[in-house]
Structures are given as C-alpha cells and as structure tokens.
Amino acid sequence: MQRIGVFICWCGSNIAATVDVVKVAETIKNEPGVVFAANYQYMCSENGQQLIKQAIKEHNLTGIVVGACSPRMHEATFRKAAEEAGMNPYMVEIANIREHCSWIHKDMEETTEKAVVLVRTAIAKVKLNAPLMAGESPVIKRALVIGGGIAGIQAALDIADAGFEVDIVEKNATIGGRMAQLDKTFPTLDCSACILTPKMVDCAQHEKIDILSYSEVEEVKGFVGNFNVKIRRKARYVDESKCTGCKICMEKCPAKKGANEFNMGLDNRPAIHIPFAQAIPNVAVIDPEQCIKLKTGKCGICQKFCGVGAIDYEQKDTFVERQYGAIVVATGFKPIALDNFNEYGYADNKDVITSLELERLMNAAGPTGGVLLRPSDKQHPKVITFIQCVGSRDSSGCGKPYCSKICCMYTAKHAMLIREKYPDTEVHVFYIDVRTPGKNYDEFHRRAVEQYGVDYIKGMVGKVYNENGKLMVQGSNLIDNEQITIESDLVVLATAIEPEPSVRKIATLLTASIDTNNFLTESHAKLRPVESPTAGVYLAGVCQGPKDIPETVSQASACAAKVIGLLVKDKLKTNPCVAQPDENMCNGCGQCANVCPYGAITYVDKEFRLGGGKTEIRRVATVNPAVCQGCGACTVTCPSGAMDLKGFSSKQIMSEVEAICKM
Amino acid sequence: MQDVKTEKKEFTPNIVAFCCNWCSYAGADLAGSSRLSYPANVKIIRVPCSCRVNPMFVLKAFQQGADGVILCGCHPGDCHYVTGNYYTRRRMALLYSFLNYMGIEKARTRLEWVSAAEGQRFSAVMNDFVKTVTELGENKRLTDLRVKEGE
Amino acid sequence: MKDVELKVVERAKALLASGEVARVVGWKKGDFCFDPSPAVFESVEELDGLVYNWFCGANLSKYLIEISKKEGKTAVFLKPCDTYSFNQLIKEHRINREKVYAIAVECLGKLDVEKIKAKGVSMIEDVEVVEKEVKVATAYGTETLHKPEVLLTKCETCQKTHQVKDEEIILHERPARDVDRFAEVAKLEAMTEDERFAFWKEQLSKCIRCNACRNVCPACSCVKCVFDNPASGISAKANDAEFEEQLFHIIRAFHVAGRCTDCGECSRVCPQNIPLHLLNRKFIKDIDGFYGEYQAGEEAEGKTPLTSFTEGDVEPNDAVDGEAK
Amino acid sequence: MTKEERIENLNRLSGTDVRKCMKCGKCSGRCPAFKDMDIKPHQFVSMLCQGKIDELLECKAIWNCLSCMACVERCPRGVAPAAVVEAVRDTVVRMQGKNGIKAEEIPPIVDELIPQQLLVSAYRKYNK
Amino acid sequence: MLKIAKERLNELYAAISNAMELVLPVKKAGEVNFAMWAEGKEVSLETLKTVKSPKDTFFPQSENMMKFKTDGKNIEILDIRAEKAPTVLFGVRPCDYKAIEVLDKVFLADPVDTYYQNRREATTIITLACAKPEESCFCKVFGIDAAAPAGDVATWLDGDNLYWQANTEKGEALTALVKELFAEGGEAEVSAQQEKTRAIVEKLPFATLDLSRLSPKTSTIYSMTLLGRK
C-alpha cells in the first residue's frame, strides 16, 4: 500500500498569506494513501529538508508530495533531500501552490480549495510514480564557441586555460568582431586594438584553441555532453597553411572597387584582402562577388604574384564534423538598418553618419587615417550634432522597444575625444535621458559636460534637412520649451543595436529559445543569466541582450566557468523520463520514428512465444535512452499506446486529470 | 465589484490547462511572480512538451467534468524539442475541428502559444478563456453526467 | 459478372496448382447468393466454393496481416478500394509485400442486400446486373431495381483505381464519374452546432460496442487495442454512459486519421447502420482542406499528414471545416 | 459633466494612451505650427496625463493645429498628440453647442490664407 | 381471446406504462431496438427482427451493481438490487423468447444470479407471433412454432387488430389491469393467420436444416438442451 507524506510550505508569507496552509494539511491528512501531512515556513530551507528526511525514515514513506513553489524552482532540491533519506528521487512530486495559486488569487477560501485540489492531483500522480534511475552519458571534453568577438575570445581563453580544447567558429575572415572596429573604449579611453589584439594573438598561439575562421555552424545534433556539430568551412580561395600575410596580392589586385565592410563601406578594398592589419588568422580572403577571375575566368594576377602559391581558385566549401560537450554562443551584434528613420536624412546626406561610422573616421586605421573629415567633401566639420536613441526605446514598430544601453556612454566618449582633439569644434547632443549607470560611468559623462563643454540639449530631434549645403537639425528644447534648429556640418546618429541576424538560425539549430527581438532567452533572468534553457548551451555577450564590453567580458568568463564545471565531469546524469515501448503491444508500424526529432527510435525483429510452443517473429520499436529527450511526440502517434513516457505516463496524466476535475 | 457570497453560487467553469514545461509552464510561473491574476478555476497540468498531450487526455478531462480544455505550448520554431509543437498544431487542429463537427462548442477547446517571457499574455489568455467558457455555460454535451452527480 | 467470376476461379486454381502460391484468399459462397464471406482456400478442390459476384463487398487486405506471416506466398483478389488499404498496410510494415501475389480484380460497384430487402424484395435467389438495371430473381418472381439505389454506400461515391497489382482481371472498363464524396459531410457541417450534436447523439446512441467496425478496419489493426488495454485508462467493453459512445468513435476516428483510405467497410458492417464513414471522411476533408489533397494508400512509403508538418500550418483556434476562419 | 468625467471623456475621444509618452519631445520638434502655439504638442499630452485640462480648454493652440499628423507619424511610443488636440477642440466645440459646418457654407470663406487641410478636417469632423 | 383495434394500441401502451415500465420495439434513427416506451416514440411492431435481442433487458451489457459513499478513508456500500421496478416486455418474437428460456437455464440454475432473477421476476413477457417469416429464419429447426408463441401473454397482429391471449398468472394479472380496453373474440382471425404463417415456415430454405454438418459433438449438445427439453 502506498505510504505518502505531504509537506505544505508557507514560503514565508508568499503562500501562507492567501492559502490557509494548516487547513490544507488537515484536509490532505485523511486522503486515502496519505500517512503523514505537515506544514512548515520554509520547506526548501535546511531544516525544511530535514523535516522531509526525518518523516521518510520515521514513517518509511514510499512517496512524498511537496506543496510549494514551481517545480522548475526546487524540484531538484526536494529530490536530492529524498535521495539522501534513501528514497528514489523520482518518487517526489511538487504541487505548485505559489505561482499557480497563492500569488494569483485573492479570496482565501477559493485559493485554499484550489491548493487542496492541486495537492490532491500531485498525490494522484505520485501514487503511480515508478522509481527511476537516471542514466549516464559520457562528456566529450571539448567546447565550441560560436562567434570570434571579444566574448568568444574571452570565453575560449578561459576554457583553454583550464586545459580543455576549444574550437572558435567565426563567420568572417578574421576573429576580433565588432570591438576590432572601435577606436577608443569607455570608460578608460584606452585604445580598443591595444587591449584586443594581444588576446587575439593569445588565442592563435594557445595550443588548446583551434580557430575555424570564415566558417559557419551548419548542423547540430545530440544533447548536453554529446553535441555532434557539422561546420561549413567556406571557400577562401586562399590556402591558410601557405599564406604568410605579405599583402602583395592586395596591392596587385585590379578589382579595387569592393565596399570595405570593416570601414562600414566608407572606403574600398580589393577583391583579395586581409580585413585589417592585426587580423588573426593573418590570411587573405577573396570576395567571390568582386573577383574578376571567379566571375569571368579572366585575370589571376594575385596567383602569379603570390610567392608561396597560396591562391587556389578551385577551392570549394568543405565540411568538418566534430563532437563537443558544451557550446558557447557569442554571435555579437550590428547596428539596425535606418530605412524606417528617413526623418534624419541618413539615406540622402553623406554627412549624416552612424556612431560606428564615426568610430572608423576617428580610427587611425580608418578610411581618413584618423583625421576627422566629413565624408562628403573631406572638410573638417565645425559643428557636430549627436542625436541619441535613434531607433531605440521605440514601441511604434519602426525601431526597437528596448534601450540599447551603450549609446549614452560612447556618445560622451566621442564628444570628449572630438573636443579634446579639435577644441574649436562645437558639439551638441540631443538626448531624452542620459543613462550612464555603474562605476565611473556618470563621472565620465560629467567630464564631457563640465571639462569639455559639450552642449547637452534635453529634447528629441524632429527632423534633419539640407538647406544650401548646411545640415539643419530641428528639434525641441524641452527645458526652455522652445523649438530650435542647429546648423551642423556633421550629424552623428546613436543608432540602436540588434543581435546578428544569423543568431535566429543558430537558435533553431540549438533549440535555444529566443525572444521576439532576436535576443536569446536566458534560463533564469536573475539566477542563471548565462545559461540557455537548453542544457549545455551558454550565452555570452550581446546575443543575450544589449551590454557593453566590461559586462560582455564578465559574462564570457562566467560562461567559461559554467563550461569548465560541465567538462570536468566524466559522466552526466541523463534524463530518466524517456520513452519506453511495450513490445507485446507494439505493431512495428513505424509511425513513432517519423515524429522523433532526435532519431532515438529504431526497429528490430524479435521472437515472441505464442501459446502451444509456437513462436512468431515480429518487428518492434526500441528507444535509445541516451538519445531520447522525453518529449513524448511518439506516445501520441502510437495508436495502441504501446509507447509510453516514464515519469509522465498516460496513466499518470489521466489520474491527474481525474483528480483535478473531482470537485 | 461587489462580491455577494450569499446569492446562488452561479456557474463557475472548471478549466483544465495542459502547459509545456519549457515555455508555457514558465510563462505561468512568470504570471505568478508578476502577480497577474486569473480565475482560480483554471488548473494546470505540466507535460514535458505540448506534443505529449494525447486526445485521450482532452476527452478524459471533458468526461470528468471539465467545461473547457486549453493546451499551451512554445511558439512554433521555439520548441525545446525542435518539432514537438508542429505536430501538436496539426493534431489539435484536426481534433478541435472534429469535436466541433460532433456538435461540441468549438470555444470549449483552445490552443495558445505562450513563451517563457510572456507572463502577461498567459494571464490575459486565461482570463479570456474563462470568460468565453463562462458565457458558454456548463459542458453538457461531452461529459459523463454520472461523474457530475458524484454517483 | 459471371465471366469475371470464371476467370477468377480459373486463375486461382492455376496459381494454386502450379505451386506458385501456397494459398488463395477470396470469397466463399454463403447460405444464399447475397452473403459471400472472406475465406482462405488451400486446395484446388476447395476453390470450387470460390465466388466473385455483386455482393463481394468485403475488403480482403486486412486478413493478409496474419496470413502473410505464414510460410509460402498468398494470392489475393483486390478490388480498387482494397488496394489502398493494402498499400497502407505495407507502408506500416504489417504485410510482407514479397509474400503476397496481388490480383487486381474488376469492380463495377457492389450491391447492398439490406437496401434490396428494404425495397420489399425477399426470398432472393439470384441477381444479374445489366448497365443500370438490377434483375433480382426471387421465389415470388423477378424484380427490377435501379442500380444506384441499391449500391453499397461506399460504392456510391467511389472514384478509386487499382494502386497495386501483380496481375489484373479487368474485362469491363468502369465509366469514369465525378462525384463529391464530401457532400454528406458538407451537409452536416452546414448544420448548426445543436443540430449536429443532436444528429450524432442519436446515431451514436445506437452503438452497441460490438466492435465490428474496429475488427473490419484495415487501419485499425493494433496488436492490442487501446480499448482492450486496462492500462490505457479508456478501456471499456460497453457504452454505459453517453460519453463512452462519443469517446470510442472520436478516438477511433483520430487513430485512423491520415491513414484511413475511405474504403467504407466500417459503415458496411455496422449492424445499427450508423454512418461511420462520415466520421472518417470529416478527417479526410479537413486534412485536404488544411494540408492539401492526400489520399492514404496511394504510395506504400512516406509520411502521413499527422507525422509531418509545415511551418505555415493553420492555427487550431481558427481551423474549422478545412479552412482557417 | 464633472472634471473626472471630462478627463475620462477626453482620453476616450483621443483614442490614445497618454501614459505611454516618455516625454522625448520629438512631436514638438516636428510641429510646423509650434511657433504660433501657446501650449505645445508635448504639453497637450503631459497636461492631459496629469489632468490639468482647464488651460487646455481655454488655449489658442487647438485652433492652430493643422492636423498634419507630423507628430503622430514619428512618435516612438505610438502616442498621438494631434488626437489629443482634436479631442480638446471637439470638446470645446461641443461645449459651445455649435452644430458644425454645412457644405454650402464653405465656398464663401475659402481663400489662400486658410490652409485647405483645415477646412477639410473641419468639415469631416463637424458636419453632423 | 381478447382483441383491440390497431389504432387504439397507443392507449394500451399508455395504460400499461402507467402501472409498469413498458419496453417494446422502438424505431430510432432508422433502426428498431427494444427501448422504454414514451409518448411520441415510433413503435414498430411490423419489423420482423430488432437489431439486438430483447434478452438485454434481463442481462444488459453493463449495469450498476452497487453504489458506495466515501468520506475520507472509510467506504459505505449501498445495495441497489431491490430498486428494480416492475416491467412489461412487449413484442417479443417466438425465437427471442426461446433465447430467454436458454438464458433462464443458465442464470436461474443453482447458484442463481440474483440480479438476473430480480429482473426476470419483475418482468411480464408479451410475445408477438410472426406473420411474414424471412428466408433466413430457422425457428422450425429448434422446435419453435412461429405462429403460437409461449410467454406470459401471446399476441397476434394482423391488418387491423391485435389479438391478446394470457397464458400465465402474470399474464392474467396484467390482463386484468388493461381489460377494459379490449373486446372479446378474434380466435378465427388468429387461426387463419397461423395457417398462413405455418405454410410459409415450411417453405423456408432452412426449414430442414441438417445439423449433422456441424461437428457431431456440438450437434448432440444442441439436440439435448434445446429441442423441446424444458
């Protein structure tokens, strides 16, 4: 006979405030099968769990039900407590009487009645629980980092330093990501390349790190500890092992008209090129849309001049398949397109630029060699106007509803650098709110205002129009309640940022959940910010939400810590709630394999003894418990119900339905 | 709104909600933690994925006296098990249309995609569904009357 | 029709005698001319009892599930509608294709003896059909009936062709016809919810759970049916409450959805004449409407509508009667 | 009509949720009639939000607004200042009991000073 | 022998169902089965055979055997057998009546099935003779006279009247209840119909069914238990 113990938690006042916990415990006491019922302020606390362990031993309970918060919160805690008291951890069921009951209903009588029903449902389920043993699956001691920006580099270095092999898959020809394009970084104003390139070199020289540049993730199979990833090595038309980075081919290449993405298209680059000086790997790449040889078959100059014969026009995309224990997603961000914001005249005026374009203009390796000149006539701009929140905090549908977090700081940085280098330049900043929280951030912004005299105007810009060569920036000055127009030579838009569009594809590959703004959803906003709900997948950098470099680096290291914690283990406990076919009832009809997303179901011919000594060979299904993730799609496709799911069997769910509906 | 305890206990529907563990159950938790209330007669059963819900469960719920059954899952494309909710969508599309063909009011059955971040939407959906089912009144067509009278 | 029968018996005897097949599955003569029943013939002598006449409505493919497991090959006569069920059972690995020799036999529609009797004709001795005329020879003289009025319900809307054949016996070409098999379903869909509920409540309340529909249905051939399995939670032997009547037919229709070839056997064998085919056709009409034309049993491999999907499938809340409302 | 009812009515008439405004001032930044207005577009929204409607009902600005919708078109939070102005104007007209404008009254008062758009919007709203 | 005009049958049904529950062949959605009579239901006595046999009233597919009340851990059982209301089973064909006799041999033999017995005692069976047997009828082989059925009351139906003959006390008791609806007479019409029916039965294909083709073992069982043995 079942001997069930029921523990009702007060959760301080979270439950006890609207649920009469004592009454619940009393009513449950005389439910058939219940031999022990108690209530306590904090079941998840040390002595709460002690109460459980004691009750299990004293009343030799066969199953326990805890009426408390969501199972997603403390199911593991109570299962561990039960296990320590010698009970199979899967004989524990949770009744969610907090999020689904006490927190959302007011009337005491109603919530108490519902709490009783929810606990009774959990009892109905636990009566049909069978003890389950978690299986084990090996952990492959190698990590994959998708994205070679500062987030990916930092995560890779930390993991490699712990002695584990790491592969970095970078979409572009070189690692470095968005940070490589920056000039200076806030709040310390140190040069971006100076702090980034040493880390890039460390990655290249680290024997545990393998950089797969100009490559993309094509396919991901398997699960935590056993990912099987297929990576597409895009054709570079240059042999990485031979190219020494001498750049002769860049000089000789006749097709010079390619837009240089690295400089945001402000200048040109030859078809064969190395993106920037400190590129890692320092190997050229040919742009197939622009190379005359690849398009028309004529030319081939670069091959002639290449001293080491590294150029190979026949190179094709190749595929590499590797196994990994954990995956870090660090796909980074890009500024949003400004097509919905023509009121700022970005499309029709060359001198209306985005902040990232300004970074390139001010960068020594940039198109103007570090001298700030207007893109239109290469003149030195006398009056520069910055416009904040272009596309951010916009819920009208044209832009992004969220605040991009980093624009206030980098605009203050730009303003300060311009005022310092060219003191005669007038700098105005139209802002809604200046958001510079955290250590030394507001002080940084105040220096721009107080020490460098940057003119901050509270109010948004209505429109920017061209009047005989001058850029007229018309906006409102809310403090003086005026509408003002500033004649400017250069207008810089602090554009909103969004995650790399390719992250959507990666999210589907990894079944990582993603929100409507394309940011990957973390497992828990406060308690597990760097993990994806999909086990074994970790999130670093802006792919998880807008953040600046210091936060990105700390998140990358946090991911590394989590990955190391995983790879250190030799074995991982696998989910025991997997599908299980009943061979005597299986028709062998093959429908279940059609719906299994993981290919966990195969068919074998098995001999069955019929009555009277006769036997029969029948085709039956078998499930590989290591591959099956327990989704249950097969159980519904199976008409005879031969396929059932351990831990969520049809009978259990039916009994829950019955308990819920019994008033 | 005046809460009259004395007048005849007017009809409150009994709603069974199947929520998938990864998205809609988390959405329900978020609705809870954000204190977004919805009527108490909605009771939630946790399933690993929306594709685990068998038409038998839906019919069992109606038999045992439920007046409305709602199935919540991840948005298509977000399913933790990659394709689970696509199959759910087809199965429930056919089942709900078939029940309607048998004369069972279509509004008694419902399927909603609720992600882990949509606590607001979860509460709104539940409030709306309870209102719809209350208007429909007690389920007299697909139920086992003996269970109702507590035989 | 007699010429076809002769050819059938002749081929059956030849195949059995030559040892090419170990047994023949066909129809055996009953007590009367209107009640042939499916039978297995294992010797040439027995084949004298083999008939193929206007009342051989039974679909033989389901019997092959067990028979094809036996030693040696089996010959079977398949009407056009039977071949779809045959293909569907091969797709589900229930029949071993190599062990079956399929003979596609001509079919110009089969007659329903209950409809003939309902017209007041009794003591039937023989039936002959010419074009649209049915001549019924009885103890009280010969009656002439109009063929479309006494056809089996499943033959009224049949536009099926042979999907699989190792050999064929077709002496008369069947005139192609254009019939909307969903007319009845559409009529029901047009009714109000209350009318539909009343219609089905009345029809299903007649159900005595004799399981004839389940036992005859090729798609409903589980080794152990969910209604016989106490662990399933919905097992029941009788409809002791109105709900069970609905539950049995809803679950059965759902289990065969996407796999039912609309062969009409369920309605043919129902002792209470419940129009069960209108349930399965509803699923077929919905699947065609939601996910595009699909005829189960046309191919012997590939996925069924319920084990495949597309990104843009219709949402259940607006999916009614084959469209998104 | 009490003040609360008036506020509630204005909110309903404007059909926009003034609490969504994040006070960025873009609407005023785009308003061509900004100079002639005693109460600026962004003030219509914030004052209705705080319930200070007495000044709104007496202000001159409701007659200068051209209904050109420049403010509505680019508001990042989907608020419609012009709709608030229109609601106030509508309330003022209703309070005066004037019953709008007939088609035949328009030709004599048309001249190039009065923007054509003003007449159209007046006709659309006040021809009962 | 009593008789009542066909048109007045409804009054007969109403009278009977005042005193007892009346179960008779009712046509519903195109099929005829035994069901409880109620005003407005389409009674169909002409249909030769109902889909399911009337023996269901004594041995239904499913029936409530007991009720129980639970409060907390203890359970209380309530016996519902005594609640069986007196019933009249009208329109039973001779072959169906034989089926009931076969069941009696099984359920009323020791140990007696009290549920079956409870129902059987509470029920008065009114049989209805056949006028137009069909080709598939084989009642003659089992010694059943289609024209003169047994049962508490035997009835015959022809074009315009229903003829009523009580055979047992139960039959007499029921007849007493509804006597005033009837008129005397009708023996002639009954015997005329009986001649015609017996003539048809002779000509039926299965009139002389040779049971020996069944395996010898089973045929003896048939002959021993069914053919006329009481």
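Labels below follow one simple rule: chain letters A, B, ... track the order of the sequence lines, proteins then strands, and each chain is numbered from 1. Reckoned from all heavy atoms, side chains included, excluding hydrogens, waters and symmetry mates.
- Nearest heavy atoms, B/I44 versus A/I660: O-CD1, 4.4 Å.
- Here A/G632 is the residue among A/S102, A/G632, A/C69, A/C101 with the most heavy-atom pairs under 4.5 Å with chain B.
- Residue contact with chain A, scored on non-hydrogen atoms closer than 4.5 Å, involves the side chain of B/R91 exclusively.
- Looking at B/N21, the atoms closer than 4.5 Å to chain A (heavy atoms on both sides) sit in the backbone and in the side chain alike.
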Please lay out, stage by stage, how B/D29 and A/N96 fare under the test side-chain contact (heavy atoms from CB on, under 4.5 Å). CA-CA 9 Å; B/D29 284 354; A/N96 187 341; 3.2 Å; yes
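- Contact detail for A/G630 and B/Y81: the closest heavy-atom pair is O-OH, 4.0 Å.
- Atom NZ of A/K221 has 12 or fewer heavy atoms from other residues, nucleotides or ligands within 6.0 Å.
- Residues B/G65 and A/C661 come closest through the heavy atom pair N-CB, 4.4 Å.
- Atom NE2 of B/H75 sits about 13.0 Å away from atom CD1 of A/I514, to the nearest 0.5 Å.
- Heavy atoms closer than 4.5 Å to chain A are found in the side chain of B/F18, but not in its backbone.
- Chain A forms the most heavy-atom pairs under 4.5 Å with one residue out of B/P39, B/S115, B/S34, B/S50, and that residue is B/P39.
- Neither the backbone nor the side chain of B/C20 comes within less than 4.5 Å of any heavy atom of chain A.
- Between B/R46 and A/E93 there is no salt bridge, since no side-chain nitrogen of the basic residue lies less than 4.0 Å from a carboxylate oxygen of the acidic one.
- Put simply, the side chain of B/Q64 does not reach to within 4.5 Å of the side chain of A/K662, judged on heavy atoms.
- Of the atoms belonging to A/K106, it is side-chain heavy atoms, and not backbone ones, that fall under 4.5 Å from chain B.
- Interface residue A/T637: backbone and side-chain heavy atoms are both found under 4.5 Å from chain B.
- Chosen from B/D78, B/I45, B/I15, B/L36, the residue pairing most often with chain A at heavy-atom distances under 4.5 Å is B/I45.
- Taking both residues in full, the closest heavy atoms of B/P55 and A/V636 are given as CD-CG1, 3.8 Å, listed atom of the first, atom of the second, then distance.
- Contact annotation for B/S33: both backbone and side-chain heavy atoms come within less than 4.5 Å of a heavy atom of chain A.
- The line from CE of A/M654 to CE of B/M56 is 4.5 Å long, rounded to the nearest 0.5 Å.
- Residue B/A28 touches chain A through both its backbone and its side chain, counting heavy-atom pairs closer than 4.5 Å.
- Residue B/V16 touches chain A through its side chain alone, counting heavy-atom pairs closer than 4.5 Å.
- Most heavy-atom pairs under 4.5 Å with chain A, from the set B/A31, B/P48, B/A61: that is B/P48.
- We find the SG-CH2 distance between A/C631 and B/W22 to be 12.0 Å, quoted to the nearest 0.5 Å.
- One side chain, A/S650 or B/R52, offers a donor N or O that lies under 3.5 Å from an acceptor on the other.
- Heavy atoms of A/T534 lying under 4.5 Å from chain B belong to its backbone as well as its side chain.
- Interface remark: A/D644 contributes side-chain atoms only to the contact with chain B (heavy atom separation under 4.5 Å).
- Counting heavy-atom pairs under 4.5 Å between each of A/E110, A/E656, A/R72 and chain B puts A/R72 at the top.
- The two residues A/P597 and B/V82 make their nearest non-hydrogen contact at CB-CB, 4.4 Å.
- Using a 4.5 Å cut-off between heavy atoms, A/R98 makes no contact with chain B at all.
- A donor-acceptor pair under 3.5 Å is formed between the side chain of A/K114 and the backbone N or O of B/V42.
- Of the atoms belonging to B/A26, heavy atoms from both backbone and side chain fall under 4.5 Å from chain A.
- Using a 4.5 Å cut-off between heavy atoms, B/Y38 contacts chain A through both its backbone and its side chain.
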